[in-house]
Peer 1: 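The following block contains the structure, expressed as structure tokens.
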Amino acid sequence: MSDNIVLHGLDDRLDKILEDTYYQLIYQEQVTAIAVQLAGWSEGEADSIRKTIGRKIQKELDALIPRLVSDFISHGMKEESAKTLASAIQACGSYSFNKAHSYEYGLIAYQTAYLKAHYPVEYMCSLLNANMDNTDDVIKYIEE
């Protein structure tokens with residue numbers, strides 16, 4: 001998930017935050033916990049990075065990274081590890097989501113897969129109807 005960046009073993013404190021997701025940075029709350037526990041940021045400061053990631057504002061996230069790296073180092077992380085973690089957080093800015101939404105996303109994905117597998121004609125008809133205003137999507141779905 002973190003663009004194949006290996007996060008396991010960078011820091012024991014990090015391992016505790018990421019162990020539930022097999023050491024992948026997936027949730028915005030993980031970034032908040034990392035900023036608080038590994039960089040010494042306040043909850044409010046950490047929430048600013050979560051908001052930036054949630055809104056997918058890469059420019060703002062990129063601006064926060066140098067300070068984050070510096071704070072990781074000043075709170076006991078090796079420079080190389082700090083940069084690796086910061087790179088993973090930058091990558092996370094394009095795909096992470098709120099943990100509270102993960103159940104709903106999973107449920108919708110399951111329901112969608114079920115309908116597609118068991119009712120393929122009805123599913124595709126509904127999908128095409130819902131996207132009829134977007135020619136590019138319709139072409140992609142017809143090809144499928």
Side-chain angles (χ1 to χ4, degrees), residues 1-120 123-124 126-128 130-144:
M1 296 288 166
S2 304
D3 286 347
N4 295 321
I5 298 172
V6 178
L7 299 175
H8 183 59
L10 285 180
D11 188 289
D12 292 340
R13 298 168 294 170
L14 180 63
D15 288 350
K16 291 175 186 167
I17 295 168
L18 300 179
E19 65 188 350
D20 290 342
T21 55
Y22 300 99
Y23 306 98
Q24 295 296 310
L25 192 51
I26 297 172
Y27 301 124
Q28 295 166 4
E29 291 85 353
Q30 290 174 309
V31 175
T32 303
I34 288 167
V36 169
Q37 295 177 30
L38 279 75
W41 289 19
S42 70
E43 292 287 339
E45 291 171 314
D47 195 50
S48 69
I49 199 167
R50 183 203 55 79
K51 287 179 185 176
T52 301
I53 289 172
R55 294 181 188 136
K56 299 193 183 335
I57 307 171
Q58 195 66 40
K59 191 180 225 182
E60 287 182 28
L61 180 58
D62 293 345
L64 291 170
I65 294 299
R67 176 176 168 226
L68 195 58
V69 169
S70 175
D71 289 344
F72 285 153
I73 294 168
S74 68
H75 284 84
M77 189 176 274
K78 295 177 184 173
E79 183 175 355
E80 185 177 325
S81 296
K83 288 179 179 179
T84 299
L85 181 54
S87 292
I89 290 171
Q90 278 182 299
C92 181
S94 64
Y95 71 84
S96 73
F97 53 93
N98 187 298
K99 186 175 183 178
H101 299 163
S102 62
Y103 171 79
E104 288 80 8
Y105 293 154
L107 181 61
I108 290 168
Y110 175 81
Q111 291 170 334
T112 302
Y114 179 87
L115 292 171
K116 189 174 180 181
H118 295 282
Y119 302 95
Y123 173 81
M124 291 306 291
S126 179
L127 184 64
L128 292 170
N131 291 283
M132 69 172 50
D133 294 335
N134 188 331
T135 307
D136 292 337
D137 282 349
V138 169
I139 290 169
K140 178 175 66 176
Y141 298 138
I142 290 173
E143 287 175 355
E144 184 179 325

Peer 1: Has E104 got more than 12 heavy atoms of other residues, nucleotides or ligands less than 6.0 Å from its CD?
Peer 2: yes
Peer 1: With side chains defined as the heavy atoms from C-beta onward, is the minimum distance between H8 and L18 less than 4.5 Å?
Peer 2: no
Peer 1: Taking side chain to side chain donor-acceptor pair (under 3.5 Å) as the test, write out the residues that go with Q30, two or more places apart.
Peer 2: T21
Peer 1: Is it true that, when you exclude K56 itself, more than 12 heavy atoms of the residues, nucleotides or ligands shown sit nearer than 6.0 Å to its NZ?
Peer 2: yes
Peer 1: Return the set of residues passing side chain to side chain donor-acceptor pair (under 3.5 Å) with N131 (not counting sequence neighbours), or none when no residue passes.
Peer 2: none
Peer 1: Any side-chain heavy atom of I142 sitting closer than 4.5 Å to one from V138?
Peer 2: yes
Peer 1: Got a donor-acceptor contact below 3.5 angstrom from the S102 side chain to the K99 backbone?
Peer 2: yes
Peer 1: Tell me the closest heavy-atom pair linking G9 and D15, and the distance in Å.
Peer 2: N-OD1, 3.0 Å
Peer 1: For R13, check salt bridge (Lys or Arg N to Asp or Glu O under 4.0 Å) against everything at least two apart and list the hits.
Peer 2: D11
Peer 1: Is there a donor-acceptor pair under 3.5 Å between the side chain of T52 and the backbone N or O of S48?
Peer 2: yes
Peer 1: Can you label the angle between the H101 ring and the Y105 ring as parallel, tilted or perpendicular, going by 30° and 60°?
Peer 2: perpendicular
Peer 1: Check V69 against A86 and note the closest heavy-atom contact, atom names and distance.
Peer 2: CG2-CB, 3.4 Å
Peer 1: Just verifying a value: how many Å separate S70 OG and H75 NE2, rounded to the nearest 0.5 Å?
Peer 2: 10.0 Å
Peer 1: For a quick test of reading the model, state the closest non-hydrogen atom pair linking W41 to E45 and the distance between them.
Peer 2: CA-OE1, 3.3 Å
Peer 1: Between R50 and V31, is there a side-chain heavy-atom distance shorter than 4.5 Å?
Peer 2: no
Peer 1: To the nearest 0.5 Å, what is the distance between CD (E60) and CZ (R55)?
Peer 2: 7.5 Å
Peer 1: Are the side chains of L38 and I17 in touch, meaning some heavy atoms are under 4.5 Å apart?
Peer 2: yes
Peer 1: Would you find more than 12 non-hydrogen atoms of other residues, nucleotides or ligands less than 6.0 Å from E43 atom CD?
Peer 2: no
Peer 1: Which atom names give the shortest non-hydrogen contact between L7 and L14, and what distance separates them?
Peer 2: O-CD2, 3.7 Å
Peer 1: Evaluate I34 against I49 for side chain to side chain contact (heavy atoms under 4.5 Å, CB included), listing each step before the verdict.
Peer 2: CA-CA 11 Å; I34 288 167; I49 199 167; over 6 Å; no
Peer 1: Hey, is OH on Y119 packed in by over 12 heavy atoms from elsewhere, all under 6.0 Å?
Peer 2: no
Peer 1: Is it true that D47 and K51 have a side-chain N and a carboxylate O under 4.0 angstrom from each other?
Peer 2: yes
Peer 1: Supply the atom-to-atom distance L127 CG to M132 CE, rounded to the nearest 0.5 angstrom.
Peer 2: 11.5 Å
Peer 1: Counting C-beta onward and ignoring hydrogens, is there a side-chain heavy-atom pair between I89 and L64 closer than 4.5 Å?
Peer 2: no
Peer 1: Apply side chain to side chain donor-acceptor pair (under 3.5 Å) to E79 and list each qualifying residue two or more places apart in sequence or on a separate chain.
Peer 2: K83
Peer 1: What is the minimum heavy-atom distance between D71 and A39, and which atoms define it?
Peer 2: CB-O, 3.4 Å
Peer 1: Would you check, one step at a time, whether the test side chain to side chain contact (heavy atoms under 4.5 Å, CB included) holds for T112 with Y123?
Peer 2: CA-CA 8 Å; T112 302; Y123 173 81; 3.4 Å; yes
Peer 1: What pairs with D137 under salt bridge (Lys or Arg N to Asp or Glu O under 4.0 Å), at least two apart in sequence or on another chain?
Peer 2: K140
Peer 1: Nearest 0.5 Å, please: how far is CZ in F97 from CD1 in I53?
Peer 2: 13.0 Å
Peer 1: Going from CD1 on I65 to CD on Q58, what distance comes out if it is rounded to the nearest 0.5 angstrom?
Peer 2: 8.0 Å
Peer 1: Could you tell me which residues satisfy ring pair (Phe, Tyr, Trp, His ring centres under 6.0 Å) with F72, sequence neighbours excluded, listed by chain and number?
Peer 2: none
Peer 1: Which atom pair, heavy atoms only, marks the closest approach of S96 to Q28?
Peer 2: OG-CG, 3.5 Å
Peer 1: If you define the side chain from C-beta out and look only at heavy atoms, does anything of T32 sit under 4.5 Å from Y27?
Peer 2: no
Peer 1: Atom OH of Y23 and atom CG of L10: how far apart are they, to the nearest 0.5 Å?
Peer 2: 12.0 Å
